[in-house]
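Proteins come first, then strands; the chains are lettered A, B, ... in the order of their sequence lines, and each starts at number 1. If you're wondering where the values come from, they're calculated on a predicted model, not measured in any experiment. Both backbone and side-chain heavy atoms feed into the values below; hydrogens, waters and symmetry mates do not.
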Amino acid sequence: MSKRKILVTSALPYANGSIHLGHLVEYIQTDIWVRFQKMRGHTVYYVCADDTHGTPIMLRAEKEGITPEALIARVHSEHLGDFNGFHIQFDNYYSTHSAETRHFSEDIYAKLKTAGLITVRSIEQLYDPVKNMFLPDRFVKGECPKCSAKDQYGDSCEVCGAAYTPTELKNPYSAVSGAKPISKFSEHYFFNLSDSRCVDFLRHWACEGDHLQPEAANKMREWVGEAGENKLSDWDISRDAPYFGFEIPDVPGKYFYVWLDAPVGYMGSFKNLCEREKIQFDEFWQPQSDAELYHFIGKDILYFHALFWPAMLQNAKYRTPTKIFAHGFLTVNGEKMSKSRGTFITAESYLRQGLNPEWLRYYYAAKLNSTLEDIDLNLEDFVARVNSDLVGKFINIASRCAGFISKRFAGRLVDGAQYHVLQKMVNEHFATWRPAVIEQAFEAREFSAAIRQIMKFADEANEMIHELAPWEIAKNPDRTDDLQRTCSLGIQLFYLLSRYLKPILPGTVQQIEAFLNCAPLTWPQLNDDQTVSDLLLPAGHIINIYQHLMTRIDSKQIEALTAANTQSLAPVTQNTPVRHAEKQQHAIVPIAETISIDDFSKIDLRIAKIVNAEHVPGAEKLLKLTLDIGSEQRMVFAGIKSAYDPEQLKGRLTVMVANLAPRQMKFGLSEGMVLAAGGGNSGELFILSPDTGAQPGMRVK
RNA sequence: GGCGAAUUAGCUCAGUGGUUAGAGCAGCGGAAUCAUAAUCCGUUGGUCCGGGGUUCAAAUCCCUGAUUCGCCA
């Protein structure tokens, strides 16, 4: 097989928070794939970095009273410690706040500018005169210009679904200070993604090429549109000071938007590695490069990696990625990770609780495939699966055979004629143990399929040992050859399984290498004219005394882990990975501006009994409620379908706004509003209930 | 609101038009006692989300409803 040159990246974690089990899906997936390729003898470099720029970093450093540089240095060492703990083996783990990343950001920008793909436009943006900063869309709230719903974000209305710009909001206010924003113009720099050079390229590259998974390519077709359609907008790549990032050359006070330099960080990190290890950078990044470039990412950042990034590279005369591998999100026990449930588990806490990182690597591998599907970490299943597969099936093979070899044969596996008998047995009974199927599964990132296959082999090994029953043979002093051969067979099978599992269990296999007294395991490779027995340890090989290689998980350890991660504070469910400024800011819901008691008393709140609740055909969010408020009945459409089943609402008491102007909705007239907590990005909703004794119609003050 | 994906045994998942729908785990019954209780044999268990359609044949294709998740920069 010819030797490949491969550069692999994982997405850059934001230097604003800890690594958690959700992040680790990606790093473990990438690391397994990289280790597999390295074991096969290819030249592989795996680089990553902290993503260090943007408003949240700036604000957090400000809050901690330190410089952004000090903050990102601290987080960098935390992240690196976490990754080492999970055996994620980067060839370089760097930072986007680096000379190299600055160089390539400026270089790409300059080339795009020369190509006429950068436009400057004056943008009218809302500005917080108290905080002295421009307000991102989600930092402005006000009334929807279409339906007048109150407290809507600056980009879209959650009530009627209208999309608009913040300047169209009625009665806007700053979500930072509460001040009334003023409109201010500012010059912004745009990358002309709508230019035909980008659109035509992307339609070919992202939609038709073999660079994306089928589901992702579908998404691209939706985003890019058909030929003739012009669906892509230019991309705003600048931000006004104050901002932590790279200042745009010759444009004082303007900075590159963090998402411009984040992917450039891949190049920066690799360049840094090249300098250190004398690798030819251009061999990997020049347009005609024969090296392969793969980006492992979460599906949430597909847009940036499959559109902006290739378009930037193409037009700046660099090579484009060979493939983008997007994966799904992690859920824990079938739900989003939650701090209140203790399932928002940080990498650091997992390790600190003494849990074995190899367990998680194995479990993720057993769940991962090449699609964008989410994967679920079911904690009970995690315990059962690791204990059963890894300890019960795999490790046990070594454990049950090694004793005889040590005690009766001084650690020596069979040789001579007996070795030939062993080879023959292997080729007869284990002819299916050839690497091809597993190798294809690893290459295609179908790790769950690889594991199914490997565990099937492990089952076969245990069955064979059971059938040969070395403990019976041992009773017969005339059968020492049989005993040695049988136990050697078990050890040989264990050796081969270890080779297959090494990309997934690098730490355990390192111990296995010591136990088996052999060189670092390589990937089993067979030509057509070779047989499985060619993959075994040599005749007469001597192994060391077996020491336990892996313990079982005690479910108490899992309980301790979730307990350690449970925050009794506000039951905030964590969103899917938040990467940057805008997203980061969604979660913050500041206290609204002060009102007088007169303002409040205008609202007539009444206890209402839900006498009927039903689904509304065609409505995704609404339930139709019939409310009894003593004097009359009201029909109300409430956007609580996501949180409540109609049946569980019937008969309940709640609180409604009784003097709200009726509103005509698509499905009928809504005569009021029920009160519910939540409704933010978490999607959680809790309708209010009065204490026992309240009667329909009572006023709430 | 628009678009997309998913829903298969108690749990986690295979299975993209062709026997009677499978595996691992859990459960149940048995065997074994080499192994830090790890193994082996047998076995219970399914309205393939609901409804309709296409077909000689549907978990699989189409329509529709429910639920869940995601994207709409």
[N] to [M] separation - [atom1] atoms, rounded to the nearest Å:
N: B:A57; M: B:A31; atom1: P; answer: 49 Å
N: B:G30; M: B:G51; atom1: C1'; answer: 45 Å
N: B:A32; M: B:G42; atom1: C1'; answer: 14 Å
N: B:C11; M: B:G17; atom1: C1'; answer: 30 Å
N: B:A66; M: B:G52; atom1: C1'; answer: 15 Å
N: B:A73; M: B:U68; atom1: P; answer: 23 Å
N: B:G46; M: B:C40; atom1: P; answer: 26 Å
N: B:C25; M: B:A14; atom1: C1'; answer: 14 Å

Subject >> Whether A:Asp234 side chain and A:Ser194 backbone form a donor-acceptor pair below 3.5 Å >> reply: yes
Any-strand Watson-Crick or G-U partner of [N], both distances under 3.5 Å:
N: B:G17; value: none
N: B:C71; value: B:G2
N: B:U55; value: none
N: B:U7; value: B:A66
N: B:G45; value: none
N: B:A32; value: none

Determine the contact category for [X]: base if any of its heavy atoms lies under 4.0 Å from a base atom, sugar-phosphate if only primed atoms, P, OP1 or OP2 are that close, otherwise nothing.
X: A:Ser233; value: base
X: A:Gly403; value: nothing
X: A:Phe404; value: sugar-phosphate
X: A:Glu380; value: nothing
X: A:Leu232; value: base

Roughly, in whole Å, what's the span from [atom1] in [X] to [atom2] in [N]?
X: A:Glu467; N: B:C34; atom1: CD; atom2: C1'; result: 16 Å
X: A:Asp300; N: B:A73; atom1: CG; atom2: P; result: 15 Å
X: A:Leu193; N: B:A73; atom1: CG; atom2: C1'; result: 10 Å
X: A:Leu468; N: B:C40; atom1: CG; atom2: P; result: 14 Å
X: A:Glu373; N: B:G15; atom1: CD; atom2: C1'; result: 13 Å
X: A:Arg385; N: B:A14; atom1: CZ; atom2: C1'; result: 11 Å
X: A:Ile545; N: B:C34; atom1: CD1; atom2: P; result: 19 Å
X: A:Asp389; N: B:C13; atom1: CG; atom2: C1'; result: 12 Å

Of all the nucleotides listed ([options]), which has the minimum atom distance to the side chain of [X]?
X: A:Tyr363; options: B:U39, B:C71, B:U12; result: B:U12
X: A:Ala384; options: B:C25, B:A32, B:C40; result: B:C25
X: A:Ser388; options: B:C13, B:C40, B:C25; result: B:C25
X: A:Lys367; options: B:C72, B:U12, B:G70; result: B:U12
X: A:Trp471; options: B:A73, B:U39, B:C34; result: B:C34
X: A:Asp376; options: B:G70, B:G24, B:U12; result: B:U12
X: A:Asn396; options: B:C34, B:U12, B:A35; result: B:A35
X: A:Asp374; options: B:C69, B:U39, B:U33; result: B:C69
X: A:Trp223; options: B:C34, B:C71, B:A73; result: B:C71

On the 0 to 90° scale, with breaks at 30° and 60°, tag the [X]-[Y] ring pair as parallel, tilted or perpendicular.
X: A:Tyr243; Y: A:Tyr255; value: tilted
X: A:Phe447; Y: A:Phe442; value: tilted
X: A:Phe394; Y: A:Phe494; value: parallel

Subject >> Exercise: identify the closest heavy-atom pair between A:Thr432 and A:Glu460 >> reply: OG1-OE1, 4.1 Å
So, OP1 or OP2 of [N]: does either fall under 4.0 Å of a side-chain N or O from [X]?
X: A:Lys393; N: B:U39; value: no
X: A:Asn369; N: B:A14; value: yes
X: A:Asn378; N: B:U12; value: yes

**OP:** List the steps, then state whether ring pair (Phe, Tyr, Trp, His ring centres under 6.0 Å) holds for A:Phe308 with A:Phe191.
**Re:** CA-CA 9 Å; A:Phe308 296 155; A:Phe191 172 39; 7.5 Å; no
Original post:
Would A:Asp376 and A:Lys367 pass as an ion pair if we require N to O under 4.0 Å?
Top reply: no
Subject >> Carboxylate-amine/guanidinium contact A:Asp482 A:Arg485, below 4.0 Å >> reply: yes
Original post:
Does A:Phe404 have its ring centroid less than 6.0 Å away from the ring centroid of A:Phe409?
Top reply: no
**OP:** Assign each of A:Asp234 and A:Lys475 to its nearest nucleotide of RNA chain B by heavy atoms, then name whichever residue's nucleotide is nearer the 5' end.
**Re:** A:Lys475
**OP:** For A:Val391 and for A:Phe308, find the nucleotide of RNA chain B with the closest heavy atom, then tell me which residue's nucleotide is more 5'.
**Re:** A:Val391
